[in-house]
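Start at 1 with the first residue, then count along the sequence.
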Amino acid sequence: MSGFLQHFRQINERYTVSTTNQTRCPYCSMQCTMLFHRENTPFSSRFTITPNKEDSIVQGRMCVKGLEAHTPIFTKERITSPLLRRHGTFIPVSWRTALQWLKRKVRDIQKAHGFDAIGVYGGGSLTNEEGYLLGKFARVALRTRYIDYNGRYCMSAAAAAGSQAFGIDRGMTNPLADIPLAKCIILAGTNIAECQPTMMPYLRQAKANGACIIAIDPRATGTTRMADVHLQPKPGTDAALVNGMLKVIIEEGYYDSKFITAHTVGWEEMSAYIRTVQMSEVSHITGIPEADIVQAARIYGQAESGMVFTARGVEQHAYGVQNVRNFINLALVTGKIGKPGSGYGAVTGQANGQGGREHGQKADQLPGYRSIENAEHRRHIAEVWGIKESRLPGKGVSAYEMMERAAAGELEGMIVLSSNPVVSNPNARFVEEVLRKLPLLVVVDLYMSETAQLADLILPCASHLEKEGTVTNLEGRVMLRKAVQPPPGEARPDWRILQDIAHILGQRRTFRYGGARDIFEELRKASRGGVADYSGIKYERIEKEQGVFWPCADERAPGTERLFEEGVFYHPDGRARLAHVPHLTPPERTDDVYPVTLTTGRLLHHYNSGVQTRRTPALYARAQAPVLQIHPETAERLRLVNGARARIHSKRETIEVDVRVSKDIREDTVFVAFHWGDEQCINRLTLPELDPQCRMPSFKACAVRIEPVESTAPTRKEQKKHEQEKACAYR
Ligand SMILES: Nc1nc2c(c(=O)[nH]1)N[C@H]1C(S)=C(S)[C@@H](COP(=O)(O)OP(=O)(O)OC[C@H]3O[C@@H](n4cnc5c(=O)[nH]c(N)nc54)[C@H](O)[C@@H]3O)O[C@H]1N2
Ligand SMILES: Nc1nc2c(c(=O)[nH]1)N[C@H]1C(S)=C(S)[C@@H](COP(=O)(O)OP(=O)(O)OC[C@H]3O[C@@H](n4cnc5c(=O)[nH]c(N)nc54)[C@H](O)[C@@H]3O)O[C@H]1N2
Ligand code: SF4
Ligand SMILES: [Mo]
C-alpha cells in the first residue's frame, strides 16, 4: 500500500465517528422503532437503517415501507426553504419575507371577512404535540372555528361508534399482546397483511394457539388468505351481515345474558329487531351464502374468547358509524370484551391516527377528547391556554364540508399541514378546483405534493427524522419518537412553524414553547380529567416503560392497558350501549348505466396519497400506476384482458387505468388503490355522500361503468386467442 493511502486510512479511522440513534417509522399505526446508524468520516457521511431488535412490541420487525422511509427525505425533492408564488412560479424566500407576507394576507382577509374566513386542515401523521398545537393555533391565533383534519376520512366512523357504545374511543380496547389469547378473531374490512404488516405475527401466534380467524372482505388479500374463514360480502353490506350473525347468536343462545343485564343498555330493542331479521334477505343483500354466515356466527359465538377488529373497509361508508356499532354489538352481546383475549379494535391507520384524534384537530373537539360545545370543557381549556372562555370559537365543520364552505365563498383562506387533500378527498376534482380558486392557500409539507402545487405559500417542515414528539399507536400506547438529525436548509418542525405564525399574529404570550416537551407538558394539563387523559404520562416514563397506555391520570400508576375490565364502561352509568342497526346499503346504487361497484384502498408498497412513497424508487418500482382489479368473468363481459387499458366512469368523473384480471375479487366489484394524483386519481370518481353522524364519505362503494379504451381493446383475433388460452388454462 502506498504511503499516501496508508496515511489516508489512518486519518479516516482516527476521525470516524459512529452513532446509533433510535427513531420510529413515519407511516402506519404500528410505529415500529428503527435504529439509525450514522458514520461520519472526515471525507464522507454514511448511514444505514436497521430494525430495532429490542422493540418487543413489534418483536424487532419492520416492513419494506419503514425500511425505505428515509429515502425521500434525502432526495433533492425536499423543500428546504419557504416558497412564495409570484406570477405563477414559486420563488424561494426567507422566513421573514414569508411570514410578513402571510401576516398581511391573514390580516386583510380577516379584516374584510371575519376570523372564520380562514380554515385549518391537519393530519394524523402529526405528533400529539403538533396536533394539539394546531387546535390551539386555529382557535387562539387565528380565532377561527374552521379546523378539521384528514382523520375525518380515516377514523371518524370508528371514533363516533366507540364513543357512542363505550363512552370512549381508543383504537384497540386491549393490548396487542392479548391477540394470541383470543380463540376467535374477526377481521372486518382490514387488510393487516399490507397495512400493518408487523401486526401479522400476533395473528399467526393466535392461530398457532388454536384461534379461528374469520376475515370479511370483498377481496381475497394477504390477510384473508391467512384466515380460516373468508366471507366475501358486496361492498357496503356489513351491517346486514352482522345482523345475520347476531340472529344466529341470539337464536342459538350464544349470548351472555348475565353480562348483557349487568353491563349494557338497549338489549330489548336490539334483540326484538334481530328476531325480525330474515336470513334469506341477509344472504341476498350481502351475496354470502346463508350457511357461511351461520358457520361464522357459531364459531365466534361458541369461542371462549374473541376479538373483533374493524378498519376502513367497514368504516369508510356513508353509514360507517352504524356499521361499526353492529360489530361492537357482537362483542357486547357475547360478553367478549374487557378480558384477556376478548375485546374490540379499530385498527388505526396513520402513525398517529389515534393521538391525532384526541387533542383538538377535530371541528368540535378540544384537547383530552373534550367537546367545544360543553361549557365546563371550554372553561378548563381556556384556563390552560390563558384566555377568556368567551374568546374560544364554537364548532366548525368536517373536512369535506370545509371545501364546500370554501366553494360557497365562506372561506377565503386555508392552511394545510400534513395532508394532500387534492388526492385524498372524495370528489377530488371539485376539491382541486376549490383550492385552486381559494384566495389564500398555505401548505406546510416536505415535498411538492399535488396540494402544495396549488399553494400561494409553501412552508418547509422537518421530517420524522428531524423532530421529537409523541405518537399514540393503535393500542392507545403513547410512545416517543426522537430526532436523529437537524432539518435541512430552512426547514422547521411543524410546532415551530405554528408558533412563528402565531407570533406574527400577535400571540407571543400564549405560544412560548422551546420544544415539543414544553407542548407535551401543556397537553398533559389540558387533557387532565378528559376522556383521553394523558396527565400522568411524562417523556421520561414513556422512555423507561416502552410507552404508556392512556387513560393515565397518575404519574405513579400504570396506564390502562386493557379497557373495561370488570365490565365498567365510560358512560356515566358505567354501561355500554347496544344499538339496533338496520340493514344498510350504499347510497349510490348500481344500475344499468353504472352497473359495477368500485371500492378503493391500499397497497403494501405505497402510503396514502403517495407523496412520500412515489418518491421512493424501491417502492415506486413495485407499483408505478393504479390498476383496476377485476374478476375474470366481469373482464370477459367487458372485453378486457390483463394489461389492457380501461376507462372507469362514475357520475362525477372518468379516469383511465390498466387492467389486472384477478379471481381475488367479487364479480360485481372492482378495486383501485388511491395512492396517485392528477389523471390517476381514483378519488375524482368517489362520491362525497357523508355519514350523518361522523361525516365520513363513501370511499368504499361507488357505482361505476367500465369500458375498454378503444385503442387498446383487444381485436377480435386477440380476443379469440385469449379465449383459447383460457380454455386451455381451465383444462
Ligand atoms: N401499505 C399501506 N399501509 C397503510 C396505509 C397505506 O396507505 N399503505 N395507510 C394507513 C392508513 S392511513 C390507514 S387508515 C390504514 C388502512 O388500513 P385498511 O383499512 O386495512 O386498508 P384499506 O385497503 O383501505 O381497506 C381494507 C380492506 O377493506 C376492504 N373493503 C372494501 N370495501 C369493503 C366493505 O364494504 N366491507 C368490508 N368488510 N371490507 C371492505 C378492501 O378490499 C380492503 O382489503 O392503513 C395504514 N397503513
Ligand atoms: N379513495 C380513498 N380515499 C381515501 C382513503 C381510501 O381508503 N380510499 N383513505 C382515507 C384515509 S384513511 C386517509 S388517512 C387519508 C390520507 O390522505 P392524506 O391526508 O392526503 O395523506 P398523506 O399522503 O399521508 O398526506 C400527507 C402529506 O403530508 C406530508 N407530511 C408527512 N409528514 C409530515 C409532517 O410531519 N408534517 C407536515 N406538515 N407534513 C407532513 C406528506 O409529504 C404528504 O404530502 O386519505 C383518505 N382518502
Ligand atoms: S409502515 Fe407500519 S409496519 Fe411498516 S415499518 Fe412502518 S410502522 Fe412498521
Ligand atoms: Mo387513514
Side-chain angles (χ1 to χ4, degrees), residues 115-116 118-122 124 126-149 151-152 156 159-160 163 167-170 352 354-398 415 417 469-470 472 478 494-495 498-499 501-503 505-513 516-538 550-554 570 572:
F115 290 124
D116 289 339
I118 297 190
V120 175
Y121 190 115
L126 296 173
T127 60
N128 288 317
E129 291 79 355
E130 291 159 350
Y132 165 84
L133 201 66
L134 193 63
K136 177 173 174 182
F137 170 81
R139 278 104 183 195
V140 178
L142 286 174
R143 303 183 65 181
T144 178
R145 67 171 62 229
Y146 289 123
I147 170 166
D148 212 57
Y149 80 124
R152 187 64 70 173
S156 65
S163 299
I168 188 171
D169 153 38
R170 195 185 83 179
N352 197 26
Q354 182 61 44
R357 70 188 202 245
E358 297 164 359
H359 299 291
Q361 283 196 74
K362 277 186 189 164
D364 58 352
Q365 190 201 51
L366 291 173
Y369 234 116
R370 286 186 160 88
S371 163
I372 203 157
E373 294 191 297
N374 177 310
E376 205 185 307
H377 293 185
R378 289 170 65 88
R379 268 198 300 278
H380 172 77
I381 296 299
E383 200 183 311
V384 174
W385 288 350
I387 58 167
K388 280 204 187 112
E389 183 267 331
S390 57
R391 251 201 63 177
L392 274 178
K395 84 169 182 184
V397 296
S398 72
I415 302 181
L417 265 98
T470 61
T472 305
V478 184
D494 291 278
W495 71 262
L498 293 173
Q499 173 156 297
I501 304 175
H503 284 180
L505 296 176
Q507 287 297 324
R508 282 193 177 274
R509 184 180 61 83
T510 41
F511 287 79
R512 285 200 308 201
Y513 310 102
R517 265 166 210 261
D518 294 351
I519 304 169
F520 192 77
E521 285 305 307
E522 190 180 292
L523 183 160
R524 292 178 59 209
K525 286 192 201 117
S527 75
R528 177 169 296 143
V531 174
D533 194 329
Y534 280 40
S535 60
I537 306 177
K538 298 195 75 161
W550 74 263
C552 178
D554 186 341
Y570 283 71

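Remark: Lys136 NZ to Ile519 CD1 distance equals 9.0 Å, nearest 0.5 Å. Atom NZ of Lys525 is separated from atom CD1 of Ile381 by 12.0 Å, given to the nearest 0.5 angstrom. Annotation: the span from Thr144 atom OG1 to Arg139 atom CZ amounts to 9.0 Å, rounded to 0.5 Å. Distance CD/Gln365 to NE2/His359: 8.0 Å, rounded to 0.5 Å. With values rounded to the nearest 0.5 angstrom, Leu366 atom CG is found 10.0 Å from Glu373 atom CD. Atoms CD1 and CD, on Ile168 and Glu358 in that order, are 9.0 Å from each other to the nearest 0.5 Å.
Gln361 places no side-chain N or O within 3.5 Å of a backbone atom of Gly135 that could act as its donor or acceptor partner. Formation of a donor-acceptor pair under 3.5 Å by the Asp116 side chain with backbone atoms of Arg145 is found in this model. Between the side chain of Asp533 and the main chain of Pro551, no donor-acceptor pair closer than 3.5 Å is present. Panel note: side chain Arg357, backbone Ala159; no donor-acceptor pair is recorded below 3.5 Å. For Arg391 (side chain) and Ala382 (main-chain N/O), no donor-acceptor pair under 3.5 Å exists by modelled atom type. A donor-acceptor pair under 3.5 Å is formed between the side chain of His377 and the backbone N or O of Ser371. Under a 3.5 Å cut-off, the side chain of Thr472 and the backbone N or O of Gln354 do not form any donor-acceptor pair. The backbone N or O of Ile372 lies less than 3.5 Å from a partner atom in the side chain of Arg378, making a donor-acceptor pair. Asp169 places no side-chain N or O within donor-acceptor distance of the main-chain N or O of Ser163, the cut-off being under 3.5 Å. Lys362 places no side-chain N or O within 3.5 Å of a backbone atom of Ser156 that could act as its donor or acceptor partner.
Residues Gly356 and Asn128 approach most closely at N-OD1, 4.1 Å, considering heavy atoms. Summarising the geometry of Pro367 relative to Trp385, their closest heavy-atom pair is CG-CZ2, 3.9 Å, with the distance given to 0.1 Å. The minimum heavy-atom distance linking Ile147 with Leu134 is given by the pair CD1-O, 3.7 Å. Scanning both residues, Ala532 and Tyr369, for their nearest heavy atoms gives N-CB, 4.0 Å. Considering every non-hydrogen atom in both Gln507 and His503, the closest pair reads O-CD2, 3.6 Å.
Contact check for Ile537 versus Thr470: no side-chain heavy atoms found under the 4.5 Å cut-off. Counting only heavy atoms from C-beta outward, the side chains of Leu142 and Phe137 approach each other to under 4.5 Å. A heavy-atom distance below 4.5 Å is found between the side chains of Phe511 and Leu133.
Ring orientation note: the planes of Phe520 and Tyr534 are tilted relative to one another, at an angle of 30° to 60°.
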- Between Trp550 and Ser527, does a side chain to side chain contact (heavy atoms under 4.5 Å, CB included) hold up when you go through it step by step? CA-CA 11 Å; Trp550 74 263; Ser527 75; over 6 Å; no

- Carefully, step by step, assess Leu126 and Tyr149 under the rule side chain to side chain contact (heavy atoms under 4.5 Å, CB included). CA-CA 11 Å; Leu126 296 173; Tyr149 80 124; over 6 Å; no

- Message: Checking Asp148 against Val397 for the side chain to side chain contact (heavy atoms under 4.5 Å, CB included) test, could you report, in this order, the C-alpha distance in whole Å, the side-chain angles of both residues, the deciding distance, and whether it holds?
- Response: CA-CA 7 Å; Asp148 212 57; Val397 296; over 6 Å; no

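For Glu521 and Arg524, the salt-bridge test passes: some basic side-chain N is under 4.0 Å from an acidic carboxylate O.
Under the 3.5 Å distance criterion, with hydrogens and angles disregarded, no donor-acceptor pair is assigned to the side chains of Tyr513 and Glu129.
Shown here is Arg512, whose CZ atom has no more than 12 heavy atoms of other residues, nucleotides or ligands within 6.0 Å.
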